[in-house]
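Presented below is the structure to which this report refers.
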Amino acid sequence: MASQEELRRSILAHEAMPALVELLHSTDNNTLISATQAVASLACDAEARMELRNVGGLSTLVQLLKSINAEIRRNASWAISVCANDEITALELCNAG
């Protein structure tokens, strides 16, 4: 659904990014895997990256790089690489570690 611009905008308009950031604090591996995949899929949109920055999601993604679960690390890396497409977000990611 995130690959279709109209659906992606609709998803984001329904407060998806703040809800996903909340899920990134879960202790359940399956929840973290799904949430990081969703963030990576939705963050191709500049407005979504700005919203992710504004709700504090970047530092949470960086922390997930330390997970002992390989799939969580892989998805967090994917989300971070998508988010680093613009300079402002890339700088904030660097500041987050």
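These numbers come from a predicted model, not from an experiment.
- Considering every non-hydrogen atom in both L64 and A76, the closest pair reads CB-CB, 3.9 Å.
- The side-chain heavy atoms of L32 and S67, taken from C-beta on, include no pair separated by under 4.5 Å.
- With values rounded to the nearest 0.5 angstrom, D28 atom CG is found 10.0 Å from L23 atom CG.
- The CG atom of D86 sits 5.5 Å away from atom CZ of R53, with the distance rounded to the nearest 0.5 Å.
- In terms of modelled atom types and a separation under 3.5 Å, the side chain of S81 and the main chain of W78 share a donor-acceptor contact.
- Distance check: M17 CE to M50 CE gives 11.0 Å after rounding to the nearest 0.5 Å.
- Under the 3.5 Å distance criterion, the side-chain polar atoms of N75 are left unmatched by any main-chain donor or acceptor of I72.
- Distance OG/S59 to CD/E92: 9.5 Å, rounded to 0.5 Å.
- Both L65 and L20 are assigned to one and the same hydrophobic cluster, defined by single-linkage of ILVMFWY side chains at heavy-atom distances under 4.5 Å.
- Between the R73 side chain and the K66 main chain, no donor and acceptor come within less than 3.5 Å of each other.
- Heavy atoms only, all atoms of each residue included: C83 and R49 are closest at O-CD, 3.4 Å.
- Screening D45, L58, T89, L42 for a side-chain contact (heavy atoms from CB on, under 4.5 Å) with L52, the sole residue that qualifies is L58.
- No single ILVMFWY cluster, assembled from side-chain heavy atoms under 4.5 Å apart, contains both V82 and L61.
- The shortest side-chain heavy-atom distance between Q37 and R74 does not fall under the 4.5 Å cut-off.
- Between I33 and N69, some side-chain heavy-atom pair lies under the 4.5 Å cut-off.
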